[in-house]
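Working notes for the structure below.
The figures that follow rest on heavy atoms only: side chains count, while hydrogens, waters and symmetry mates do not.
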Amino acid sequence: MELTEYGRIFRRRWLLILVATICGVMAAVVVTGLATPRFDAQAALFIRADSESSSSFENSQFVLQRVKSYPDLVDSPQVLTPVLQELKSSETLAELRERVSATNPAETVYVEVTASAGTAEEAATLANLVAANLRDVIRQLEGGDTVRNAAVEAFVTEPAVAPESVAAPNGVLNLAIGLLVGLAAGLVGALMLGGARRRVQGSADMPRSSDTPLIGSVDTGGPRRGAAVSAETELQYRGLLTALLLRRSGQLPRLLLLTVVGPHDDAHHTFGHEFASFIGDSGARTCIIDSTQAAPSGRTGSSTEDTEPGFSEVLLGEAALHDVVSVIEDRALCRIPIGSSVDRITRSQASRQSASLLKELSDDFDVTVVTTSSTSHPLKTSTVAPVCEAVLVLVSYGTPVRRLEDALRELQAVGVEPVGVVLLRGPRRSGRRAPGSGQVKVRASDRG
């Protein structure tokens, strides 16, 4: 996926991204508001060795070695039990251990005691009590119970003071995390909805891997059983025909392929029949073959039973081409049914003979419209497209873009570049034919 495609998805899903980001920030605010505040206070002890039989350097090295073990003493009962007694607290030693800690900064003779509590004053009081008891325990362990008799002396050089701000929760950090998590969730959601489930809804959804444009959009609602199209739909057909002519220097193609993307339905047949009829109304003698399904009743109510002979019987040599052509609209539009012998025709037989039959039809009609799909039989897109002068790709509104991409790649594989994509929408309003509609004058391709 290209960068421009990511940008398009993010622009279309901007509301999702915004909502997810706001939700992330709101969640951070809620978590921060509900969290119990914690204050940290810190006291520092200075450790010194005093021995008349050793040099100052030896004393300092001795202290550096010994001071590394002192932080572990902060969790001992000898240090914490007097604290609990002094505070008259109902806490257990295990609970108090969770609130105190000690460290020895590297290459120093300091021990830093940190205590946590729900208020700033409680944190400072606890840190000072723990530091004082740790000092006494160190003195006792290192040579005596008084300063004079101790080989190692400890002093509280920096008593703890009440902190001015909470240590946790960190509101700024939580908001930043909530913002990033919400934004990330929104972007991922946009990519999932815009990429995996992206559907054709307009020109912005045309695959970037192909230069094939969207040249028209027509409202379809399935077969209307004789009802006329609305004036709005007539204008859509007129615009589509105009776009086709502009891309072909004003000439209609003798063989026009309408290839269906995805499962074919009544909307595709309706479009093929009405577009062919519109071309016929413009003055070009037109014939239509729909290989995607047996054609339902047209606007004139002509018979289309599956048992009537058609193109499949011509392929089998059981009927002549001119015998299966039926006029359905005042000789302006003719139809060739697909016939009832489709299952008897092999794929190879259809691919060998269909091209010559279609060329024969192009000699008899100004325009021959053929509707196929990648799986239709006996006429399918990959075999018919190379012999047609123009190809239109029919895609229904909401079709996954992936299917359209596959259809365009199939045409590229056989060396065919479609004229454009036609988006079929539905349903539409029925109505009378617009005044003057169907009178677009075009010139058919010059006969060879």
Side-chain angles (χ1 to χ4, degrees), residues 252-264 268-269 271-273 275-276 279-280 284-296 304-328 333-394 406-419 444-445 447-448:
L252 283 171
R254 292 184 181 179
L255 282 175
L256 173 62
L257 173 63
L258 307 178
T259 178
V260 174
V261 175
H264 45 78
H268 300 121
H269 170 76
F271 171 84
H273 178 85
F275 190 48
I279 295 174
R285 191 163 180 264
T286 308
C287 180
I288 182 171
I289 306 174
D290 190 348
S291 186
T292 60
Q293 64 179 35
T304 57
E305 289 83 359
D306 293 342
T307 56
E308 62 181 325
F311 195 79
S312 58
E313 281 72 25
V314 177
L315 286 174
L316 292 171
E318 298 175 357
L321 191 58
H322 61 83
D323 292 333
V324 298
V325 177
S326 59
V327 180
I328 59 175
L333 178 64
C334 297
R335 180 184 65 86
I336 298 179
I338 203 61
S340 59
S341 304
V342 172
D343 294 339
R344 296 164 52 195
I345 302 173
T346 63
R347 294 285 182 183
S348 59
Q349 183 181 11
S351 61
R352 287 196 310 268
Q353 301 180 22
S354 59
S356 60
L357 291 176
L358 292 176
K359 289 181 179 179
E360 184 178 342
L361 282 174
S362 68
D363 293 334
D364 295 338
F365 295 91
D366 295 326
V367 179
T368 299
V369 180
V370 184
T371 304
T372 67
S373 69
S374 60
T375 59
S376 57
H377 184 66
L379 299 176
K380 70 175 185 176
T381 299
S382 60
T383 57
V384 176
V387 301
C388 291
E389 296 180 3
V391 177
L392 294 179
V393 180
L394 308 184
D406 293 341
L408 295 176
R409 278 196 294 267
E410 180 183 0
L411 291 171
Q412 292 173 354
V414 294
V416 176
E417 186 66 30
V419 174
S445 302
R447 301 294 180 186

- Query: So, does D366 use its side chain to make a donor-acceptor pair with the main chain of A284 at under 3.5 Å?
  - Reply: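 Absent.
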- Query: Distance-only, no hydrogens or angles: does the E313 side chain make a donor-acceptor pair with backbone N or O of S340 under 3.5 Å?
  - Reply: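 Yes, E313 side chain to S340 backbone: donor-acceptor pair under 3.5 Å.
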- Task: Test side-chain contact (heavy atoms from CB on, under 4.5 Å) on V393 and L408 and set out the steps.
- Result: CA-CA 8 Å; V393 180; L408 295 176; 4.0 Å; yes
With heavy-atom distances below 4.5 Å as the criterion, would you say the side chains of [X] and [Y] are in contact?
X	Y	answer
L394	V261	no
S374	K380	no
V391	V419	no
T286	F365	no
D363	R254	yes
Q353	I345	no
L257	T372	yes
F275	L256	yes

How close do [X] and [Y] get, counting heavy atoms only, and between which atoms?
X	Y	answer
S291	P378	OG-N, 3.7 Å
V314	A320	CG2-O, 3.9 Å
C334	V325	CB-CG1, 3.7 Å
Q349	L316	NE2-CD2, 3.9 Å
L252	E389	O-OE1, 4.4 Å
P337	P309	CG-O, 3.4 Å

Rounded to the nearest 0.5 Å, how far does [atom2] of [Y] lie from [atom1] of [X]?
X	Y	atom1	atom2	answer
C287	L333	SG	CG	7.5 Å
E410	T381	CD	OG1	5.5 Å
R335	I328	CZ	CD1	6.0 Å
T259	L392	OG1	CG	10.0 Å
E360	T368	CD	OG1	10.5 Å
D290	H269	CG	NE2	6.0 Å

- Task: Decide side-chain hydrogen bond (donor to acceptor under 3.5 Å, both in side chains) for E318 and S312; before the verdict, give the C-alpha distance in whole Å, the side-chain angles of both, and the deciding distance to 0.1 Å.
- Result: CA-CA 9 Å; E318 298 175 357; S312 58; over 6 Å; no
- Worked check of side-chain contact (heavy atoms from CB on, under 4.5 Å) between I289 and V369: CA-CA 6 Å; I289 306 174; V369 180; over 6 Å; no
- Query: Under 3.5 Å, is there a donor-acceptor pair between the T371 and T292 side chains?
  - Reply: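 Distance-only check fails for T371 and T292.
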- So, T383 versus S351: side-chain donor-acceptor pair below 3.5 Å or not?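 Distance-only check fails for T383 and S351.
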- Message: Checking S341 against R344 for the side-chain contact (heavy atoms from CB on, under 4.5 Å) test, could you report, in this order, the C-alpha distance in whole Å, the side-chain angles of both residues, the deciding distance, and whether it holds?
- Response: CA-CA 6 Å; S341 304; R344 296 164 52 195; 3.3 Å; yes
